[in-house]
Amino acid sequence: MDYKNLAVRTVSGAVIVTLIVAATLMSGWYFAALFGLIAMLATHEFMTINGMAEWKAWTAAAASLAMFLLPFVEHDILIATIWTLIIFGMIAMELWLKASDPIRNWSIFALSQIYIALPFTLMHILQIESDIFDGTSWVFVLFVIIWVNDSFAFLTGSFLGRHRMFERISPKKSWEGFVGGNLFALVAAFAFWMLYPRMCGFCEWLLIVEVIVVFGTLGDLVESLMKRTLGLKDSGRIIPGHGGMLDRFDSAILAAPMLYIITLIINYL
């Protein structure tokens with residue numbers, strides 16, 4: 001076992017967890033600053049691994065930040081105008097760049113906004129609107145459930161895993177690990193319900209956890225499919241021992257929009 005790499009991974013993981021927990025519980029500018037930065041870096045990383053030039057990667061990152069800040073800033077019309085100008089400016093820019101495949105460039109740029117910027121923006125809305133549900137931050141709940149599920153899915157899969165979920169995409173993921181992670185996530189749901197019973201009923205808590213677990217797992221698999229398609233082991237190297245931003249936030253990217261939809265339904269009912 002590489003104990004040095006394990007130590008680096010443990011320390012960097014602890015730092016990430018501490019920052020996320022602090023930002024979600026303190027909210028406001030703390031959340032906006034941390035998650036705005038994460039959204040920018042994840043977008044830049046996505047553009048880079050798909051072969052886009054640095055200036056295009058940072059332009060897409062700026063667009064992601066603009067979208068992310070929309071629910072937070074007072075002058076949202078100005079921010080929306082900036083985001084729109086960046087998007088349509090990049091479309092028009094291909095007229096002068098003379099790229100061999102402008103449609104691919106447009107598609108990757110647009111996907112960076114749909115796949116990364118939109119989920120982080122919905123996460124930001126969830127954070128701002130958590131008070132509606134008279135309880136803790138839904139983003140805090142999102143990450144705790146993802147961490148519990150991932151940890152126990154890994155442990156259960158390591159000891160009991162026999163049947164692979166998508167072997168061609170992620171050879172180590174097993175159905176046994178999925179069930180194990182799911183069960184412990186439900187235990188976490190019960191703990192949240194005991195702590196914050198006014199947020200929603202127990203059945204709603206179970207539904208929320210299932211949504212996070214299922215779409216969090218799908219988010220992990222989608223990112224694995226992207227890396228396998230591009231011939232990459234990690235999406236980046238920005239986080240020591242863990243890889244890139246997409247490697248660490250892939251589950252939340254797909255789970256956050258679905259959590260947003262579920263909380264809207266619960267609030268409506």
In one Ile/Leu/Val/Met/Phe/Trp/Tyr side-chain cluster, 4.5 Å: [X], [Y]:
| X | Y | result |
| --- | --- | --- |
| Ile114 | Met258 | no |
| Val187 | Tyr196 | no |
| Val17 | Val15 | yes |
| Val21 | Ile16 | yes |
| Leu70 | Leu85 | no |

I'd like to check [X] versus [Y] (side-chain heavy atoms, cut-off strictly below 4.5 Å). Are they in contact?
| X | Y | result |
| --- | --- | --- |
| Leu97 | Lys56 | yes |
| Val179 | Thr156 | no |
| Val141 | Trp205 | yes |
| Pro71 | Thr121 | yes |
| Met165 | Ser174 | no |
| Met47 | Glu54 | no |

[X] side chain vs [Y] backbone, donor-acceptor pair below 3.5 Å:
| X | Y | value |
| --- | --- | --- |
| Asn50 | Phe46 | yes |
| Ser251 | Gly216 | yes |
| Glu94 | Trp106 | no |
| Ser151 | Val148 | no |
| Glu176 | His163 | yes |

Roughly how far, to the nearest 0.5 Å, is [atom2] of [Y] from [atom1] of [X]?
| X | Y | atom1 | atom2 | result |
| --- | --- | --- | --- | --- |
| Leu264 | Ile266 | CG | CD1 | 9.5 Å |
| Tyr260 | Trp138 | OH | CH2 | 14.0 Å |
| Asn182 | Thr217 | CG | OG1 | 8.0 Å |
| Ile116 | Leu246 | CD1 | CG | 5.0 Å |

- Query: In this structure, are over 12 heavy atoms from other groups packed under 6.0 Å from Phe184 atom CZ?
  - Reply: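 Open: at most 12 neighbouring heavy atoms sit under 6.0 Å from CZ of Phe184.
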
- Item | Greater than 12 external heavy atoms within 6.0 Å of Leu195's CG |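 Yes, the 6.0 Å shell around CG holds more than 12 heavy atoms from other groups.
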
Parallel, tilted or perpendicular: ring planes of [X] versus [Y], cut at 30 and 60 degrees:
| X | Y | result |
| --- | --- | --- |
| Phe68 | Phe31 | parallel |
| Phe190 | Phe202 | perpendicular |
| Phe192 | Phe140 | perpendicular |

- Query: Which pair of heavy atoms, one from Pro119 and one from Ile253, lies closest together, and at what distance?
  - Reply: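 It is CB-O, 3.2 Å.
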
- Item | Taking every non-hydrogen atom, the tightest pair across Ala57 and Thr48 |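 Ala57 and Thr48 have their closest heavy atoms at CB-OG1, 4.0 Å.
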
- Query: Can you list the residues that meet the side chain to side chain contact (heavy atoms under 4.5 Å, CB included) rule with Val214, with sequence neighbours excluded?
  - Reply: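 Phe178, Leu218.
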
- Item | Thr24 and Gln127: side chain donor to acceptor below 3.5 Å |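 No, because no side-chain N or O of Thr24 sits under 3.5 Å from a partner of the opposite role on Gln127.
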
- Determine, stepwise, if the pair Ile20 / Trp147 fulfils side chain to side chain contact (heavy atoms under 4.5 Å, CB included). CA-CA 12 Å; Ile20 289 175; Trp147 293 333; 3.9 Å; yes

- Query: Considering residues at least two apart in sequence or located in another chain, which fulfil the salt bridge (Lys or Arg N to Asp or Glu O under 4.0 Å) criterion with Lys227?
  - Reply: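 With neighbours one apart ignored, the set is Glu223, Asp247.
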
